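What you see is a predicted model; the values in this text were computed from it and never measured.
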Amino acid sequence: MRTALSGLTTRGRCLLAAGFAAGVCAAVLNERDLLRVAAFVIALPLLAAWLATRARVGLHAARYLAPSRVPVGAAAEVKLDLRSTGRLPTGGLMLEDTVPYALGARPRFLVERLPRNTPTSLRYPLKPVMRGIQQVGPLMARITDPFGLAEFDRELAGRSRLVVVPRVVRLAGLPGGSGMGAGDDGSVRLRAGQGEDDAVVRPYRQGDDLRKVHWRSTARRDELMVRVEERPWRGGTTVLLDHRVHAHRGSGPTASLEWAISFAASICLHLHHFGHQVRLVSEDGRVLAGGSSDGGHSDHVVLDSLAALQGSHRRELNGGVDPGAGQEVIAVLGGLSPSSAEELVRYRPRGTRSLAVLLDVNAWAGGIDNSAPEPEDARRLLGGAGWGVAIAKPSASMQQVWQELCASAGTRGPSFRSEVG
């Protein structure tokens with residue numbers, strides 16, 4: 001009885017108090033008709049509360065997500081199956097499912113009548129705007145009687161897990177030279193004993209060994225060219241993702257960090273498409289995906305690891321080791337200070353292929369953040385050490401940035417797809 005009385009609304013409590021007052025007056029005045037009215041007024045809210053309690057006990061619900069993992073910007077659907085096992089039909093049922101703001105508005109449903117043992121399905125869409133491991137639920141039900149005298153809240157379904165992975169852009173072309181442009185693993189070529197010449201020539205950069213000047217190309221192009229002995233691709237490619245909060249600007253879906261994560265995911269899946277072994281690491285060398293435990297072949301492993309990735313609070317790149325562990329590196333970097341750029345150069349072997357995308361984070365901040373490092377400063381330092389560098393701005397598409405990166409590696413860009421595909 002105490003549980004039933006706790007569910008009375010203000011209207012029900014007032015009606016119950018009026019009934020008791022009428023009963024007292026009927027006893028004082030010895031009015032039997034007034035006593036009958038008082039008994040009816042008292043019984044009505046109690047009966048309404050009892051019926052609402054019975055309906056509350058017999059309610060069951062289940063939630064289904066289709067699909068359970070979805071990229072940012074894509075649509076998902078939630079299905080709610082309701083069933084009443086009580087002896088009486090349920091009416092006046094208000095449902096509200098808890099949905100994070102990043103998935104859309106919180107849905108509400110009003111079920112006027114829920115027949116006994118007859119399933120009822122409700123559906124609503126989700127369109128996530130932010131990656132992450134999102135929790136949908138719990139599903140709360142507010143049960144009321146037709147007169148609005150009693151209402152009860154009950155949790156019908158718990159939480160469901162929705163994995164929102166980064167948006168992936170389809171890229172075209174591969175950086176040439178070494179193993180990536182060949183479309184196969186360099187270790188296979190070494191075992192086959194083909195002994196092909198992996199040398200390429202490129203324009204002279206400050207710091208290059210003058211003994212490697214390629215005089216025939218220099219005479220033909222009237223520009224100082226150097227011979228670069230490319231190492232065959234032995235261990236795959238390492239994609240380095242800089243997710244330091246200090247190195248990025250902006251907030252929400254348009255932040256530079258979200259762009260960098262999406263671009264890193266696109267690179268990993270693009271290289272997987274051509275059969276390459278890809279290892280995804282953070283700026284401190286921590287392996288996010290592609291280690292020996294997962295084999296590095298599953299796109300789901302890469303996307304799921306990036307879906308749960310949070311910003312790092314490191315301020316500089318001071319790993320003290322080669323982040324690529326001897327492999328070729330494609331680095332997606334935020335605002336890079338000269339000291340961090342020198343750190344990459346110091347521990348990265350000059351003869352190993354190294355590519356970098358530098359985000360112009362000041363452009364993501366609207367050009368008003370004077371504390372953001374200038375990407376040109378880091379570009380000069382990395383380029384002087386033999387890195388291929390491209391600068392990303394929010395106005396440029398990921399494919400345009402990828403083309404610039406391919407060009408910095410001395411490739412033919414997207415036309416290469418027809419040769420390797």
Side-chain angles (χ1 to χ4, degrees), residues 1-16 44-70 72 74-165 252-253 307-308:
M1 178 60 67
R2 181 177 299 178
T3 303
L5 291 177
S6 65
L8 290 176
T9 63
T10 302
R11 181 187 301 177
R13 294 176 186 274
C14 291
L15 194 62
L16 187 63
L44 185 60
L46 297 179
L47 180 62
W50 179 77
L51 291 176
T53 304
R54 295 286 296 179
R56 173 172 172 256
V57 172
L59 279 177
H60 304 278
R63 182 191 301 105
Y64 304 95
L65 300 179
S68 59
R69 57 192 313 279
V70 61
V72 172
E77 186 180 63
V78 179
K79 178 184 176 185
L80 300 173
D81 286 344
L82 306 177
R83 181 184 293 272
S84 175
T85 58
R87 295 184 178 182
L88 297 175
T90 302
L93 183 63
M94 176 72 74
L95 297 174
E96 182 177 5
D97 208 4
T98 306
V99 173
Y101 77 95
L103 299 181
R106 180 173 295 186
R108 293 182 176 87
F109 302 94
L110 177 60
V111 180
E112 296 183 356
R113 182 179 177 84
L114 186 63
R116 179 172 176 262
N117 289 329
T118 301
T120 301
S121 295
L122 303 173
R123 301 173 186 268
Y124 66 89
L126 295 176
K127 191 168 184 179
V129 297
M130 280 286 292
R131 63 176 180 85
I133 309 298
Q134 306 289 354
Q135 299 292 334
V136 180
L139 174 64
M140 301 301 298
R142 176 165 292 182
I143 306 164
T144 61
D145 69 285
F147 302 104
L149 301 178
E151 63 180 20
F152 294 92
D153 292 332
R154 182 188 171 188
E155 179 180 321
L156 295 184
R159 292 176 172 84
S160 300
R161 184 172 179 261
L162 179 66
V163 181
V164 183
V165 300

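Evaluation of the side-chain contact (heavy atoms from CB on, under 4.5 Å) rule for Ala74 yields Val70, Pro71 as partners, not counting sequence neighbours. Residues that satisfy the side-chain contact (heavy atoms from CB on, under 4.5 Å) test with Arg13, not counting sequence neighbours, are Leu8. Contacts of Ile133 classified as side-chain contact (heavy atoms from CB on, under 4.5 Å), with partners at least two apart in sequence or in another chain: Gln135, Arg161, Val163, Ala307, Ala308. Every residue two or more places apart in sequence or in another chain was checked for a salt bridge (charged side-chain N to carboxylate O under 4.0 Å, His left out) with Arg11, and none qualifies.
In this structure, Arg123 CZ and Glu77 CD are separated by 5.0 Å, a value rounded to the nearest 0.5 Å. Taken from CG in Asp97 to OG in Ser160, the straight-line distance is 8.0 Å, to the nearest 0.5 Å. Here CG of Leu15 is found 9.5 Å from CG of Leu46. Values are rounded to the nearest 0.5 Å. Distance CE/Met130 to CG/Leu103: 11.0 Å, rounded to 0.5 Å. The CZ atom of Arg83 sits 9.0 Å away from the OG1 atom of Thr120 when rounded to the nearest 0.5 Å. Taking CZ of Arg63 as the start and CZ of Arg159 as the end, the distance is 9.5 Å to the nearest 0.5 Å.
Taking all atoms of both residues into account, the shortest heavy-atom contact from Ala157 to Ala61 is CB-O, 4.2 Å. Of all non-hydrogen atoms in Ala75 and Pro67, the two that sit nearest each other are O-CD, 4.3 Å.
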What's the verdict on side-chain contact (heavy atoms from CB on, under 4.5 Å) for Asp81 and Tyr64, showing C-alpha distance, side-chain angles and the deciding distance? CA-CA 8 Å; Asp81 286 344; Tyr64 304 95; 3.3 Å; yes

Ile143 vs Glu151, test: side-chain contact (heavy atoms from CB on, under 4.5 Å). Steps then yes/no. CA-CA 5 Å; Ile143 306 164; Glu151 63 180 20; over 6 Å; no

Decide side-chain contact (heavy atoms from CB on, under 4.5 Å) for Val165 and Arg69; before the verdict, give the C-alpha distance in whole Å, the side-chain angles of both, and the deciding distance to 0.1 Å. CA-CA 7 Å; Val165 300; Arg69 57 192 313 279; 3.5 Å; yes

For the pair Val129 and Val164, evaluate side-chain contact (heavy atoms from CB on, under 4.5 Å) and give the outcome as yes or no after the intermediate values. CA-CA 9 Å; Val129 297; Val164 183; over 6 Å; no

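Judged by distance alone, the side chain of Ser84 and the main-chain N or O of Leu59 form no donor-acceptor pair under 3.5 Å.
Considering only heavy atoms from C-beta on, Leu149 stays 4.5 Å or farther from Leu16 through its side chain. Using a 4.5 Å heavy-atom cutoff, the side chains of Leu126 and Val99 are in contact.
Listed by first and then second residue, the salt bridge (Lys or Arg N to Asp or Glu O under 4.0 Å) pairs involving residues 99-109 are Glu96-Arg106, Glu96-Arg108 (not counting sequence neighbours). Applying the salt bridge (Lys or Arg N to Asp or Glu O under 4.0 Å) test to residues at least two apart or on different chains, the pairs with a partner in residues 125-135 are Arg131-Glu258.
More than 12 heavy-atom neighbours from other residues, nucleotides or ligands sit within 6.0 angstrom of OH on Tyr124.
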